[in-house]
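First comes the structure, then the notes that go with it.
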There are 2 protein chains.
Amino acid sequence: MGRPSKAAERTEQILDAVGRCIVRYGMDGWTLERVAKEADLSRSLVRHFVGNRDELSALFRERILTRYGDMLGADDGGRPPTEVVLEKLFSPSANLDDYAAIDAILASARYQDGLREEARDIYLRLEAAIARAMAHDNPGWGAQRVQGRAHRLLLLAFGHWSMTSLGFPADRTEHVLTAARELLGLPQNTPSHEEPCG
Amino acid sequence: MGRPSKAAERTEQILDAVGRCIVRYGMDGWTLERVAKEADLSRSLVRHFVGNRDELSALFRERILTRYGDMLGADDGGRPPTEVVLEKLFSPSANLDDYAAIDAILASARYQDGLREEARDIYLRLEAAIARAMAHDNPGWGAQRVQGRAHRLLLLAFGHWSMTSLGFPADRTEHVLTAARELLGLPQNTPSHEEPCG
DNA sequence: CTTTTTATTGTCACTGATGACAACATACGC
DNA sequence: GCGTATGTTGTCATCAGTGACAATAAAAAG
C-alpha cells in the first residue's frame with residue numbers, strides 16, 4: 001500500500017551527482033546544494049533520501065569502496081591478472097571519475113582524522129589485489145618482493161593520475177607505462193632504446 | 001616619522017600560520033579566522049596586513065614557491081647533487097610542513113582552474129632540478145632518459161609522502177628508497193636479496 | 001604638546017550552507 | 001472514494017566566514 005518508493009533510484013541519482021561534485025569541487029567543496037542542483041533535485045529531497053551531509057558522504061564512500069575495492073582483483077576471462085591490472089590502473093578508458101573521487105578521498109584523509117583509517121583500508125585493498133595478480137603471474141617472486149612492487153606500482157599509478165588530471169602533456173605517460181609493465185613483470189611492447197628497468 | 005611598521009614581522013607571522021592551517025585543515029579548510037587564531041592575532045589585523053583571503057593565499061603560494069622551488073637545485077658543498085636530491089626528497093628531517101603544503105596546493109589545483117598553471121609550474125621546476133642533478137652525476141644518460149627518470153622519481157616521492165602522511169607503517173619505505181636510489185643512478189647501500197631495479 | 005603614521009579593536013551587513021519542519025501532492029490497496 | 005505511505009515543495013532560524021569601515025590606541029618626529 002502507499003505510494004511506491006523511489007528511494008533506490010533517487011539514491012543512485014544523488015550518489016552519482018556526489019561523485020561529479022567531488023571531482024569538480026573537491027572533497028571539501030561539494031555541498032548539498034551543489035549535489036541537489038547536479039542531480040536536478042531540490043535540497044530538501046536530497047536530505048529526505050540520504051539524510052545529512054555526513055551520512056551522504058559516508059554512503060558515497062561506502063559505495064565507491066564496494067564498487068572499486070575489489071575491482072582490480074576481478075576475474076576477466078582467461079587473461080593474465082597483471083595485464084588486467086595494468087589496463088585498469090592506467091587505461092584512459094577506465095572510469096576516470098571514480099579514480100578522481102578515490103584520489104580526493106585519500107587527499108582529504110590527510111587532515112581528517114576520521115577518514116584516515118578508511119583511506120588506509122582502501123589503499124591496502126588495492127595493494128593486496130595488485131599483489132595477488134603479481135604473485136599469480138610471477139610464481140617465482142617472494143612475498144616481500146611482490147609487496148614492494150605492488151606498493152611502488154600503486155604510488156606510480158596515483159601519482160600518474162594526479163599529474164594527468166593537472167593537465168600535463170602526455171609525453172611522460174610512456175615512461176610511466178614502461179615502468180609499470182616492468183614492475184608487473186610484463187614484457188615491453190615496443191623495444192625502446194631505454195633499458196626496461198631505467 | 002609616525003609609528004614604526006610591523007608589517008614585515010606580522011606578515012611572516014601570518015604566513016607561518018597559514019602553512020600550519022593548510023596542513024591541518026587542507027587547502028579549502030583554512031580560513032582567515034583560523035589563521036588569525038593560529039597567529040594569535042585578530043582577524044581584522046590579518047586583513048589589515050595581508051588583505052583578503054585570495055591575496056593571502058597567493059602570497060603564501062608565492063613564498064613557498066620561492067623558498068622551495070629551487071631547493072632541490074641548491075648547491076651543497078662538494079656532495080653529488082643526486083645524493084642531495086635523494087636526501088631532500090625522502091629524508092624525514094626535511095621540512096615536512098612545507099612538503100605537506102605543496103602537496104595540498106597540487107591536490108587542490110585539480111579542481112581550481114586558476115591554480116592549475118601554478119601547480120604545473122611548481123612541478124616542472126622540481127622536475128627540472130632533479131633532471132639537472134641526474135644529468136650531472138650520470139653524464140652518459142640522454143635527455144629523454146633523464147626526464148623519464150626524474151618524472152618517475154617525483155611521482156614516487158609525492159606518492160610516498162602522501163602515504164606516509166596517511167600513517168602507513170614504515171616497512172614500505174625501504175622499497176621506495178631502493179627504487180629512488182636506482183632511479184638516481186646511486187649505488188645501493190645494503191646489498192638486498194631483491195634485485196636493484198625490481 | 002601636536003601632528004602624523006601605523007597598529008589594534010570592534011561592529012555591521014551580507015552570503016552560502018545547513019538542519020528542521022510544516023504543508024501539499026501523488027500513487028497504490030482496498 | 002478513502003486511508004496511507006511516500007514523494008515533493010517551501011520556509012524558517014541559525015551559523016561560520018567574509019569584506020568594509022569606523023573608532024581608538026600607540027609610537028615616533030617636530
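In what follows, every chain begins at residue 1, and chains take the letters A, B, ... in the order their sequences are listed.
- Residues meeting the side chain to side chain contact (heavy atoms under 4.5 Å, CB included) test with A:Arg47, sequence neighbours left out: A:Leu32, A:Arg43, A:Asn52.
- Of the residues in residues 24-37 of chain B, not one comes within less than 4.0 Å of DNA chain C through any heavy atom.
- Put simply, chain A comes within 4.0 Å of DNA chain D, heavy atom to any atom, from D:dT4 to D:dG10, going 5' to 3'.
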Q) How does each nucleotide of nucleotides 1-11 of chain C score, in 5' to 3' order, for protein heavy atoms under 4.0 Å: base (B), sugar-phosphate only (S), or none (-)? A) ---BBBSBBB-
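- Without hydrogens or angle criteria, B:Asp121 side chain to B:Glu117 main chain gives no donor-acceptor distance under 3.5 Å.
- Geometrically, A:Arg149 engages A:Trp141 in a cation-pi contact defined by less than 6.0 Å to the ring centre and at most 45° from the axis.
- Remark: the backbone N or O of A:Met27 is paired with a side-chain donor or acceptor of A:Trp30 at under 3.5 angstrom.
- Contact annotation: the side chain of A:Arg152 never approaches that of B:Arg172 to less than 4.5 Å [non-hydrogen atoms, C-beta and beyond].
- Under the rule for a ring-ring contact (aromatic ring centres under 6.0 Å, His included), the partners of B:Tyr123 that lie at least two apart in sequence or sit in another chain are A:Phe168, B:His151.
- B:Val85 has its side chain within reach of B:Leu153: a pair of non-hydrogen atoms, C-beta onward, lies under 4.5 Å apart.
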Q: Determine, stepwise, if the pair A:Ser57 / A:Arg53 fulfils side-chain hydrogen bond (donor to acceptor under 3.5 Å, both in side chains).
A: CA-CA 6 Å; A:Ser57 180; A:Arg53 210 197 110 113; 5.6 Å; no
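- Atom CD of A:Glu55 has more than 12 heavy atoms from other residues, nucleotides or ligands within 6.0 Å.
- Within 4.0 Å of B:Arg53, counting heavy atoms only, lie sugar-phosphate atoms of the nucleic acid but no base atom.
- Judged as a side chain to side chain contact (heavy atoms under 4.5 Å, CB included), and not counting sequence neighbours, the contacts of B:Phe49 are B:Ala7, B:Arg10, B:Ile14, B:Leu45.
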